[in-house]
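Notes for the one structure printed next.
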Amino acid sequence: MTPDSMAAAIREVLVAIAAEGAFAIAVPESVHIERPKNREHGDYATNIALTLAKPAGVAPRDLAQVIASRLDAVAGISSTEIAGPGFINIRLDSATQGELARSIVTQGASFGHNTALAGQTINVEFISANPTGPLHLGHTRWAAVGSAIANVLAAAGAKTASEFYINDRGVQMDKFGASVMAAAKGQRVPEDGYHGGYIIDLAAQINAEEPELLDLPEAEQLVGFREAAYKRQLHQQQQVLSLFQTHFDVWSSERALHDSDAVETGFAKLRAQGHVYVQDGATWLRTSDFGDDKDRVLIKADGEYTYFASDTAYFVNKRDRGFDICIYLLGADHHGYVNRLRAVAQCNGDDKTAAEVLIGQLVKITKGGQEVKLSKRAGNIVTLEDLVEEVGVDAARYSLIRYPVDSPLTLDLEVIAQRTNDNPVYYVQYAHARLASVLRNAADLNIDWLSAEFDPGLLSHERENELLGSLGEFPRIVASAAELREPHRIARYLEVLGGQYHRFYDACRVLPRGDEELTSEHIARLWLCAAARQTLANGLALLGVSAPERM
RNA sequence: GCCUCCGUAGCUCAGGGGAUAGAGCGCCGGUUUCCGGUACCGAAGGUCGCAGGUUCGAAUCCUGCCGGGGGCACCA
């Protein structure tokens, strides 16, 4: 029995009580079920009597008593008790609880998937860097968290697309092109250009692969180098992100947005809504109608589109592509965008929640307790690639995801590279590897637990009960992580689950020792192991972290 | 000035109204003939920044204050 089916069972009881009319209770849509921290309070507890009693004008404990006595008759519930002001504590019989292991093994990779967000179509945009250089550490948190959010939303039943908005338009691109061209010709890179060592490398690569560019007239040459460098730099970013287990469904180009009629279409829509006006020669969007502290310029007096114009048109474009909700992951330095984007949504005639902005705090890097200055000159880590080289993909992703994005974060490179308990990612992965090992050993012993008779009632040890209880929480954890856009909940859950498993393993022998005979208990425990392994693997997959068979 | 995030154990941090506030690290002390000890068990350690409010119940929601981070372009 899962928390969800428990909630459904309780709701049925409430419906029955309400129908009889003795208590004037309003049956709620959903019943809150929690897993008590204290084991003595049962497998599950509900506060339902507490919340319904006052409106119904009855004493909470009296109502609890009526509900509890009916729950006692529900199949799978072994006992109930009233506690404190009116909690109902519920215990399951171990066979009902143990059935969960079978259910998880049967569901396999889809265990944890749910329908919390079914029917929603959500766009998650993150990173969205200029293609003028390597992705740096600032982008790395969004790469990890953004991809995890997209995974989690999809697991919760939302139709989801992750999207990278390529900022390939504007003067930065020209500066980038000019810098590479100068380097290719052995000239000094312009003062306001890009100066990283990668510019030299790009120039050398382009000289080798497209030598004809050097023969072009000056004006065409700049465009040629800009485009050649753009193509290669974008490709480099895509390679690194792929390595970093960060997948994008859509790569959207700002330039393509302007080349198509999307900008004019978008503006026309906003004009029709009556939120565009001209003043001092510039074209403005009246965002202040919707909580922004001032109106924003779309087209400057000199006829140039602002960056905000692109953002606005892009939002309208995403909505036109069918996304109900557009999530943006932005750094703390962009928090001024929150009201602006919400206002754009409202100017477009949407609810302000159609534009959802997640603001992330910056990451501070330390090494052995010493702050690492993000300075290329000092030879320290500055790019996503550097971080991966230093600590690996799994450790980097996991460490970035396990904290809420709105809290500032300090990562110690020494700690997250360690293969010890200091490092939660190894604790979780180790639990998975240990589990995989037990299942491997079972196979070596020719124990075919999958086709053997499984008696779930044998999973009655306290540690088995706790492990099963945690396993049952997984779908709810995924659902809440999706609803709140907080994938760190998955990571924290996996740490708890890993701990539950280690404690179970410590107390409960799974495989027969030596020449000991195979019993039904061994089989039942193998089912539990398989369920735990599956759940850890599913959770890690949502985070884009590997679930190793061996470490 | 306005906006925004944060303030919980020595440190790094979890805790979307529930029962005795948790984890890891660090410190102290334990556990192994045999499934991976990268594990497990125990101890010490807290006025949840402060003050009000809402509630049967507040670390959690609301208001104010204090302290700290970040941001407030016809830049991209």
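The chains referred to below are lettered A, B, ... by the order of the sequence lines, with proteins before strands, and numbering in each begins at 1. Excluded from the calculations below are hydrogen atoms, water molecules and symmetry mates; all remaining heavy atoms, backbone and side chain alike, are included.
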Subject >> A/H488 side chain, from C-beta outward: closest of B/A14, B/G36, B/C75 >> reply: B/A14
**OP:** May I ask you to decide if the ring planes of A/F454 and A/W527 are parallel, tilted or perpendicular, using 30° and 60° as cut-offs?
**Re:** parallel
**OP:** Determine the contact category for A/Q361: base if any of its heavy atoms lies under 4.0 Å from a base atom, sugar-phosphate if only primed atoms, P, OP1 or OP2 are that close, otherwise nothing.
**Re:** base
Subject >> B/G49 to B/A19 separation - C1' atoms, rounded to the nearest Å >> reply: 26 Å
Original post:
Are A/T519 and A/I523 side-chain neighbours, meaning at least one heavy-atom pair lies under 4.5 Å?
Top reply: no
**OP:** Heavy atoms under 4.0 Å is the rule here; annotate nucleotides 18-31 of chain B 5' to 3' with B where the base is hit, S where only the sugar-phosphate is, and - elsewhere.
**Re:** BBB---SS------
**OP:** Give one of base, sugar-phosphate or nothing for A/V510, where a contact means two heavy atoms less than 4.0 Å apart.
**Re:** base
Original post:
What's the CG-C1' distance between A/D280 and B/A73, to the nearest Å?
Top reply: 15 Å
Original post:
With sugar-phosphate meaning primed atoms plus P, OP1 and OP2, does A/C508 contact a base, only sugar-phosphate, or nothing at under 4.0 Å between heavy atoms?
Top reply: base
Original post:
Do A/V344 and A/D311 touch side chain to side chain, with heavy atoms closer than 4.5 Å?
Top reply: no
Original post:
Checking only heavy atoms, does the side chain of A/H502 share a donor-acceptor pair with the base of B/C40 at less than 3.5 Å?
Top reply: no
**OP:** Give A/S407 one of three labels, base, sugar-phosphate or nothing, depending on what nucleic acid heavy atoms sit under 4.0 Å from its own.
**Re:** sugar-phosphate
Subject >> Touch class at under 4.0 angstrom, heavy-atom based, for A/Y430 against every strand present >> reply: base
**OP:** Just call it for A/R550: base, sugar-phosphate, or nothing, with non-hydrogen atoms closer than 4.0 Å on any strand.
**Re:** base
Subject >> Side-chain heavy atoms of A/V145 within contact of A/L358, under 4.5 Å >> reply: no
Original post:
Does A/R434 make a side-chain N or O approach to OP1 or OP2 of B/G37 shorter than 4.0 Å?
Top reply: yes
Original post:
Mind checking the C1' distance from B/C48 to B/A58? Whole angstroms is fine.
Top reply: 11 Å
Original post:
Looking at B/G36, B/G70, B/A76, which one has an atom nearest to any side-chain atom of A/H334?
Top reply: B/A76
**OP:** May I ask you to say what A/A442 touches in the nucleic acid, namely base, sugar-phosphate or nothing, with a heavy-atom cut-off under 4.0 Å?
**Re:** nothing
**OP:** Could you tell me which nucleotide pairs with B/C50 by Watson-Crick or G-U wobble geometry, both distances under 3.5 Å, or answer none if nothing does?
**Re:** B/G64
**OP:** Please tell me which of the listed nucleotides, B/C75, B/G36, B/C74, lies nearest to the side chain of A/Y337?
**Re:** B/C75
Original post:
To the nearest Å, how far apart are A/N130 CG and B/C75 P?
Top reply: 16 Å
Original post:
Does the distance from a Lys or Arg side-chain N to an Asp or Glu carboxylate O, for A/R463 and A/E466, drop under 4.0 Å?
Top reply: no
Original post:
Nearest nucleotide by nearest heavy atom, which residue falls closer to the 5' end of RNA chain B, A/I299 or A/Y505?
Top reply: A/Y505
Original post:
Do A/L511 and A/V438 come within less than 4.5 Å of each other through their side chains, counting heavy atoms only?
Top reply: yes
Original post:
Given B/C34, B/A76, B/C74, which nucleotide is nearest the side-chain atoms of A/R509?
Top reply: B/C34
Original post:
salt bridge (Lys or Arg N to Asp or Glu O under 4.0 Å) with A/R226: which residues, sequence neighbours excluded?
Top reply: A/D174
Subject >> P-based separation of B/A23 from B/A9 [nearest Å] >> reply: 14 Å
Original post:
Taking CD from A/E521 and P from B/C35, how many angstroms apart are they, rounded to a whole number?
Top reply: 18 Å
Original post:
What integer number of Å spans the P atoms of B/A44 and B/G52?
Top reply: 31 Å
Original post:
Counting any heavy atom closer than 4.0 Å, what does A/P404 reach on the DNA or RNA strands: base, sugar-phosphate only, or nothing?
Top reply: sugar-phosphate
**OP:** Can you tell me, in whole Å, how much space there is between the P of B/G68 and that of B/G30?
**Re:** 45 Å
Original post:
Considering Watson-Crick and G-U wobble pairs with both distances under 3.5 Å, what does B/C40 pair with?
Top reply: B/G30
Subject >> Between B/A76 (C1') and A/L257 (CG): distance, integer Å >> reply: 16 Å
**OP:** Any strand is fair game: report the nucleotide pairing with B/G70 by Watson-Crick or G-U wobble, both distances under 3.5 Å, or none.
**Re:** B/C3
**OP:** Starting from P on B/G69, measure out to CG on A/D406 and report it in whole angstrom.
**Re:** 18 Å
Original post:
When you measure from the side chain of A/S437, which nucleotide among B/C74, B/G36, B/G70 comes out closest?
Top reply: B/G36
Original post:
If only atom types and distance count, is the side chain of A/R492 paired as donor or acceptor with the main-chain N or O of A/R402 below 3.5 Å?
Top reply: yes
**OP:** Ignoring hydrogens and angles, tell me if any N or O in the side chain of A/N114 forms a donor-acceptor pair with the backbone of A/A116 under 3.5 Å.
**Re:** yes
Subject >> Euclidean distance for P, B/G57 against B/C66 (whole angstrom) >> reply: 30 Å
Original post:
B/G22 and B/G18: how far apart are their P atoms, nearest whole angstrom?
Top reply: 14 Å
**OP:** Please determine, for B/C11, whether a Watson-Crick or G-U wobble partner exists with both distances under 3.5 Å, and give it or none.
**Re:** B/G24
Subject >> Under-4.0 Å side-chain N/O to phosphate OP1/OP2 contact, A/K294 with B/C3 >> reply: no
Subject >> Test item: A/M173 and A/R255 side chains (from C-beta on) under 4.5 Å apart, heavy atoms >> reply: yes
Original post:
Across the strands shown, which category fits A/E254 at heavy-atom distances under 4.0 angstrom: base, sugar-phosphate, nothing?
Top reply: nothing
Original post:
For atom P, what is the distance between B/U8 and B/U47, given to the nearest Å?
Top reply: 11 Å
**OP:** Mind checking A/A301 for me? I need base, sugar-phosphate or nothing, with any heavy atom below 4.0 Å counting as a touch.
**Re:** base
